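Right, one structure below, let's go through it.
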There are 2 protein chains.
Amino acid sequence: MAVATRLKIGDVAKQTGVAVGALRYYESLGLLSSERGDNGYRYYPPEAVHQVQFIKKAQALGFSLEDVGDVLTVHQRGDLPCGFVRSLLQDKIQQLEDQIQQMTAFKADLEQYRDRWAESQPRPQSGDICPLIETVPLTV
Amino acid sequence: MAVATRLKIGDVAKQTGVAVGALRYYESLGLLSSERGDNGYRYYPPEAVHQVQFIKKAQALGFSLEDVGDVLTVHQRGDLPCGFVRSLLQDKIQQLEDQIQQMTAFKADLEQYRDRWAESQPRPQSGDICPLIETVPLTV
DNA sequence: CTGGACCCTGTAGTGAGCTAGAGGGTTTAG
DNA sequence: CTAAACCCTCTAGCTCACTACAGGGTCCAG
């Protein structure tokens, strides 16, 4: 039976819903630490559950594990990393906006092709694979 | 000197702007075929340039190389794959629309956090890493 | 004392579309 | 003839966050 102050990796996995392998992966990235017993087992304090939840929440905000590592580094310097988190968040928002814009423009392109191709079918020329696609310009 | 009817891989690369390694990769996926000379070299007919341009155009429409392979398979059955291409295109447009919608919703979430966090700073509780992120709900 | 549940390390694989390099053979211009 | 430029195969690496073994050791209830 697990004593409350000494969790095994499976306990942490159960309490967080994160797979054992993923927890070991977090440790390999320096996002989670553990003490080792004489048997080689990882042992965690109860706060580890909180730490893993923190990682999951940060991921839910679109942060990469590398971002999380950066946040934790600031935290381990003794600072509250909230300012840093806010700027990361602003970056993510900006990236999303850029991506959305690009994808929207691209979708408009595709719709143009779709609509143009719905009306008239170009007549196939010898060697054509699909006469529709052949009309796409190469932007080289 | 390259005879017009027998291109080496480097010739095709130069005429299409596609790297030699990429051409070999296309061949490994069955998108491009070549004859082998006694020296082991790949030799291509001039149409290969057109075929590679076709691949590039399809990619420009957001088609994956696997999509291109499917299109070519239809073509090799002797059919004009335009109907198939149209339905693939419609799929891509739909996928883009879904992604844009998801990203837009997610961006709105992030902006909510950003704006909420700009106003008031939650007071840190013992054990908190970043009191802002701690307020994010875990959707488990 | 045994069997099943747990733990360990280390490696490989996933997806996409390539690029880079090692270690060789071939061709070609001068 | 020679050196550069080309060609070959095979392997590894890139990104990201894991998962899935293989091959072992450990722990605990009955």
Side-chain angles (χ1 to χ4, degrees), chain A residues 1-3 6-44 48 51-72 88 92 95 99 106, chain B residues 1-3 6-44 48 51-72 88 92 95-96 99:
Chain A
M1 184 94 56
V3 180
R6 210 157 180 264
L7 304 174
K8 283 190 290 184
I9 196 167
D11 301 326
V12 177
K14 263 171 217 142
Q15 288 188 39
T16 59
V18 172
V20 166
L23 294 175
R24 286 196 274 245
Y25 178 60
Y26 293 163
E27 183 170 320
S28 78
L29 298 181
L31 306 183
L32 193 59
S33 59
S34 59
E35 288 189 349
R36 294 303 182 111
D38 291 341
N39 48 17
Y41 285 20
R42 290 170 177 84
Y43 288 103
Y44 299 89
Q51 174 108 352
V52 173
Q53 284 169 347
F54 178 82
I55 295 171
K56 286 284 129 190
K57 287 175 180 182
Q59 280 187 314
L61 291 175
F63 292 161
S64 68
L65 294 181
E66 194 182 350
D67 290 335
V68 175
D70 293 344
V71 170
L72 289 176
L88 276 182
K92 298 292 165 195
Q95 285 167 24
Q99 284 179 38
F106 186 48
Chain B
M1 179 108 53
V3 179
R6 208 153 181 267
L7 303 174
K8 285 191 291 185
I9 195 166
D11 300 327
V12 177
K14 263 170 217 143
Q15 289 188 40
T16 59
V18 172
V20 166
L23 294 175
R24 286 196 274 246
Y25 178 60
Y26 294 163
E27 183 170 320
S28 79
L29 298 182
L31 306 183
L32 192 59
S33 59
S34 59
E35 286 189 352
R36 294 304 181 110
D38 291 342
N39 49 15
Y41 284 20
R42 291 169 178 84
Y43 287 104
Y44 300 89
Q51 174 110 351
V52 173
Q53 284 169 346
F54 178 83
I55 295 172
K56 285 284 129 189
K57 288 175 181 183
Q59 279 187 315
L61 290 175
F63 292 160
S64 68
L65 293 181
E66 194 181 350
D67 290 335
V68 175
D70 294 344
V71 171
L72 290 176
L88 276 183
K92 297 294 165 195
Q95 285 168 25
L96 270 177
Q99 284 180 39

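None of these values were measured; they are calculated from a predicted model. The sequence lines fix the lettering, A, B, ..., with proteins before strands; numbering per chain opens at 1.
We find the OH-OG distance between B:Y41 and B:S34 to be 14.0 Å, quoted to the nearest 0.5 Å. Taken from CG in B:L65 to OH in B:Y25, the straight-line distance is 6.0 Å, to the nearest 0.5 Å.
A side-chain N or O of A:Q59 and one of A:K56 form a donor-acceptor pair less than 3.5 Å apart.
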Test log, rule salt bridge (Lys or Arg N to Asp or Glu O under 4.0 Å), inputs B:K92 and B:D67:
CA-CA 11 Å; B:K92 297 294 165 195; B:D67 290 335; 2.8 Å; yes

Intermediate values then yes/no, salt bridge (Lys or Arg N to Asp or Glu O under 4.0 Å), A:E35 and A:K8:
CA-CA 10 Å; A:E35 288 189 349; A:K8 283 190 290 184; over 6 Å; no

Heavy-atom protein contacts under 4.0 Å, nucleotides 4-20 of chain C, coded B base, S sugar-phosphate only, - none:
--BSSB-------BBS-

